[in-house]
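Here is the structure we will look at.
Sequence positions, counted from 1, serve as the residue numbers for this chain.
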Amino acid sequence: MPTKTPHPTAPRPSQPPPLREIRKVLIANRGEIALRVIRACRELGLRTVAVYSTVDEHALHVRFADEAVCIGPGPSSQSYLNIKNIIAAAELTGADAVHPGYGFLSERAEFAEIVQKCKLTFIGPDPVHMRVMGDKVTARQTMERSGVPVLPGTGVLTSAAHAVAEAERIGLPVILKASAGGGGRGMKIVRDIKLLPQTLQTAQVEALKAFGNGDMYIERYVQSPRHVEVQVVADQHGNANHLLERECSVQRRHQKVLEEAPCSVLSETLRREMCAAAVQAAKAIGYHSLGTIEFLLDGDRFYFMEMNTRVQVEHCVTEMITGVDLVQEQIRLATGEPLGHLMREFRPRGHAIECRINAEDPIKFIPQPGTISALHFPGGYGVRVDSHMYQGITVPPFYDSMLAKLIVHAPDRQQAIRRMQRALGECVIEGIQTNIPLHRWLLKQPAFISGKYDTHFLEASLDPEAVRAEADAEVQG
């Protein structure tokens with residue numbers, strides 16, 4: 001008979017699971033995050049296996065891993081999303097654990113289940129939790145039952161008439177969201193009730209194409225929010241804690257461009273309340289591993305938005321203000337170790353900012369693959385670069401356009417801004433276009449410098465001519 005899946009909020013067994021030994025980790029990813037995991041494993045004394053597509057044969061994660069296996073052609077559907085080939089690579093090399101990184105298969109519950117069925121340790125949460133929190137409607141309902149604040153909203157919409165009735169109940173404006181969504185796809189703001197049926201149909205088509213699921217729901221739309229997320233850690237013994245918050249409001253089309261930690265507008269009282277709610281959310285489902293609880297901040301009120309059941313791109317700023325290696329802790333948690341030293345009160349140690357350096361047109365945001373002819377990353381006190389780039393590498397068109405994460409740390413926010421301005425000025429990437437001019441422009445804006453901005457700030461204030469001037473100055477410099 002098939003094994004019944006336990007309810008996500010079921011109590012834990014009285015006896016914790018035995019510790020699992022990990023000796024060799026296969027990284028089911030590429031690029032910067034694959035390198036990040038390799039480095040963490042090496043410091044823990046673990047061997048690593050890289051997987052790669054044919055276009056990534058000369059990538060740094062392939063070079064620095066102990067072993068490497070080709071899993072298919074360039075398109076991700078034939079390589080980094082090819083579960084069969086990834087599992088075969090793990091079996092071929094004798095790996096006993098799989099780290100999914102972020103993106104690709106990192107939040108696919110079926111992948112985690114297959115890894116576990118093959119007697120491998122999945123370095124991440126239980127597949128049950130991935131399913132619960134991956135479905136936005138179920139996640140909303142779970143958080144509401146557990147007492148975590150959520151925006152007024154709905155379950156899955158059954159028809160256009162249902163959507164209209166619910167929008168009238170909640171009050172305009174509202175936002176349509178995909179139940180299986182993420183990254184802003186399938187999201188539509190509705191300010192006119194007459195446009196709701198057509199907008200719903202458009203959003204359903206977009207969601208179905210992106211996620212294979214057209215289910216939609218409605219939430220009250222917050223006019224001027226900030227996007228603040230809390231890093232949580234939880235073990236398999238029922239312990240959970242937070243490692244403070246990150247500010248992620250600099251966005252374009254719901255895609256993060258720059259992150260910082262801590263959030264400059266949170267009072268100590270509000271920080272404690274938000275972080276406590278994040279821990280409450282993790283405990284409500286019996287979560288274990290790293291996770292991120294994302295909130296919308298509306299003045300002095302906050303609302304649950306979603307949970308990311310993986311390591312985040314922006315985890316670096318949390319590492320800089322807490323001194324905790326999150327990837328190493330994620331691996332330890334997967335073995336069944338208790339939180340131990342992480343069960344303490346964290347306070348921000350200075351301020352950190354991260355700029356995502358992408359291969360893209362800095363004004364049109366169109367990806368720009370090509371070959372890097374010259375490369376120099378900045379250095380100096382308080383500067384960190386996480387990247388898989390090197391001079392002469394060709395950036396392929398098949399994957400995310402991020403080239404590097406440039407992170408700075410300083411005693412306070414204003415010093416961090418000046419340090420990032422200095423670091424961006426030292427960064428040289430030639431042969432392809434990047435968004436460095438956008439970051440140079442962004443860090444000069446009064447709204448950003450003051451910390452008084454929201455999720456609409458970048459798109460509302462973007463000055464193409466000023467960004468173009470930064471690009472021209474970069475070339476001349």
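Summarising the geometry of Gly214 relative to Leu208, their closest heavy-atom pair is N-CD1, 3.7 Å, with the distance given to 0.1 Å. Across all their heavy atoms, Ala95 and Leu120 have their closest contact at O-CD2, 3.1 Å. Minimum heavy-atom separation, Ala90 to Leu26: N-CD1, 3.5 Å. Across all their heavy atoms, Leu244 and Pro348 have their closest contact at CD1-N, 3.4 Å. For the pair Pro100 and Ile123, the tightest heavy-atom approach, listed with the atom from each and the gap, is CD-O, 3.5 Å. Counting all heavy atoms, side chain and backbone alike, Ala416 lies closest to Val408 at O-CG2, 3.4 Å.
For the pair Lys119 and Glu91, the salt-bridge criterion is not met [side-chain N within less than 4.0 Å of a carboxylate O]. A salt bridge links Glu314 to Arg356: at least one charged side-chain nitrogen sits closer than 4.0 Å to a carboxylate oxygen. Salt-bridge check for Glu259 with Arg246: failed, with every basic side-chain N at 4.0 Å or more from each acidic carboxylate O. Glu306 has no carboxylate O lying under 4.0 Å from a charged side-chain N of Arg140, or vice versa, which leaves the two without a salt bridge. The pair Arg347-Glu345 counts as a salt bridge, with a side-chain nitrogen and a carboxylate oxygen less than 4.0 angstrom apart. Under 4.0 Å is where a charged nitrogen must lie from a carboxylate oxygen, and between Glu206 and Lys209 no such pair does. In summary, Arg226 and Glu260 do not engage in a salt bridge, as defined by a charged side-chain N under 4.0 Å from a carboxylate O. Salt bridge annotation for Lys24-Asp66: absent, with no cationic side-chain nitrogen under 4.0 angstrom from a carboxylate oxygen.
Side-chain contact check for Gln231 and His315: no donor-acceptor pair (N or O, by modelled atom type) lies under 3.5 Å. For the residue pair His376 / Glu426, no side-chain donor-acceptor distance below 3.5 Å is found, with atom types taken as modelled. If you check the side chains of Tyr80 and Asp56, you find a donor sitting under 3.5 Å from an acceptor. If you check the side chains of Glu32 and Tyr102, you find a donor sitting under 3.5 Å from an acceptor. Looking only at atom types and distance, the side chain of Gln251 has no donor-acceptor partner in the side chain of Arg253 under 3.5 Å away.
Aromatic ring orientation, His288 versus His129: perpendicular (interplanar angle above 60°, classes split at 30° and 60°).
Rounded to the nearest 0.5 Å, atoms CD1 (Ile366) and CD (Gln433) are 9.0 Å apart. Note that CZ of Arg310 is 10.5 Å distant from CG of Asn29, once rounded to the nearest 0.5 Å. Interatomic distance, His388 NE2 to Leu60 CG, rounded to the nearest 0.5 Å: 8.5 Å. With rounding to the nearest 0.5 Å, the separation of CD1 in Ile393 from CD1 in Ile372 is 6.5 Å. Here the OG-CG distance, from Ser289 to Leu333, works out to 6.0 Å after rounding to the nearest 0.5 Å. Rounding to the nearest 0.5 Å places OG1 of Thr322 at 7.5 Å from CZ of Arg344.
By the 4.5 Å heavy-atom criterion applied to side chains, Met187 and Leu176 are not counted as neighbours. Side-chain contact between Leu326 and Val324 is present, with heavy atoms from C-beta onward closer than 4.5 Å. Taking 4.5 Å as the limit, every side-chain heavy atom of Phe295 sits out of range of all side-chain heavy atoms of Leu297. With contacts defined as side-chain heavy-atom distances shorter than 4.5 Å, the pair Ile357/Met402 does not qualify. Side-chain contact between Ile87 and Cys118 is present, with heavy atoms from C-beta onward closer than 4.5 Å. In this structure, the side chains of Met216 and Lys188 stay at 4.5 Å or more apart for every pair of heavy atoms. A heavy-atom distance below 4.5 Å is found between the side chains of Leu339 and Val233. Contact annotation: the side chain of Glu219 never approaches that of Tyr303 to less than 4.5 Å [non-hydrogen atoms, C-beta and beyond].
In this structure, the side chain of His99 does not engage the main chain of Gln330 through any donor-acceptor pair within 3.5 Å. Between the Ser387 side chain and the Leu403 main chain, a donor and an acceptor come within less than 3.5 Å of each other. A donor-acceptor contact shorter than 3.5 Å links the side chain of Asp96 to the backbone of Arg23. Formation of a donor-acceptor pair under 3.5 Å by the Asp235 side chain with backbone atoms of His237 is found in this model. The closest donor-acceptor contact from the side chain of Glu107 to the backbone of Thr309 lies under 3.5 Å. Not one N or O on the side chain of Thr292 forms a donor-acceptor pair closer than 3.5 Å with the backbone of Asn308. Looking only at distances, no side-chain donor or acceptor of Glu245 sits under 3.5 Å from a matching main-chain atom of Glu229. Under a 3.5 Å cut-off, the side chain of Ser79 and the backbone N or O of Pro73 do form a donor-acceptor pair. With hydrogens and angles disregarded, no donor-acceptor distance shorter than 3.5 Å links the side chain of Thr371 to the backbone of Ser373. Between the side chain of Lys405 and the backbone N or O of Val313 there is at least one donor-acceptor pair closer than 3.5 Å.
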Does the pair Glu113 and Arg131 meet the rule for a side chain to side chain contact (heavy atoms under 4.5 Å, CB included), with working shown?
CA-CA 11 Å; Glu113 286 174 340; Arg131 281 203 169 89; 2.5 Å; yes
Apply side chain to side chain contact (heavy atoms under 4.5 Å, CB included) to residues His409 and Met420 and explain how you reach the verdict.
CA-CA 9 Å; His409 182 249; Met420 180 61 81; over 6 Å; no
Evaluation steps, side chain to side chain contact (heavy atoms under 4.5 Å, CB included), between Leu458 and Leu438:
CA-CA 10 Å; Leu458 179 57; Leu438 173 70; 4.2 Å; yes
Decide side chain to side chain contact (heavy atoms under 4.5 Å, CB included) for Gln391 and Glu430; before the verdict, give the C-alpha distance in whole Å, the side-chain angles of both, and the deciding distance to 0.1 Å.
CA-CA 9 Å; Gln391 186 169 316; Glu430 295 180 358; over 6 Å; no
Where do Tyr399 and Ser53 land on the side-chain hydrogen bond (donor to acceptor under 3.5 Å, both in side chains) test, with the steps shown first?
CA-CA 11 Å; Tyr399 316 117; Ser53 70; 2.7 Å; yes
Could you go through Asp361 and Gln368, starting from their C-alpha distance and side-chain angles, then the distance that decides it, and tell me whether this counts as side-chain hydrogen bond (donor to acceptor under 3.5 Å, both in side chains)?
CA-CA 7 Å; Asp361 183 299; Gln368 300 289 316; 5.0 Å; no
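Residues satisfying the salt bridge (Lys or Arg N to Asp or Glu O under 4.0 Å) criterion with Arg384, sequence neighbours excluded, are Glu319, Asp386. Thr121 meets the side-chain contact (heavy atoms from CB on, under 4.5 Å) test with Arg20, Ile22, Ala97, Ala334; sequence neighbours excluded. With sequence neighbours excluded, no residue forms a salt bridge (Lys or Arg N to Asp or Glu O under 4.0 Å) with Arg252.
Checking Asp454, Leu442, Ile353, Thr455 one by one against Val250, the side-chain contact (heavy atoms from CB on, under 4.5 Å) holds for a single residue, Leu442.
When the shell of 6.0 Å around NE2 of His58 is examined, it contains 12 or fewer heavy atoms from other residues, nucleotides or ligands.
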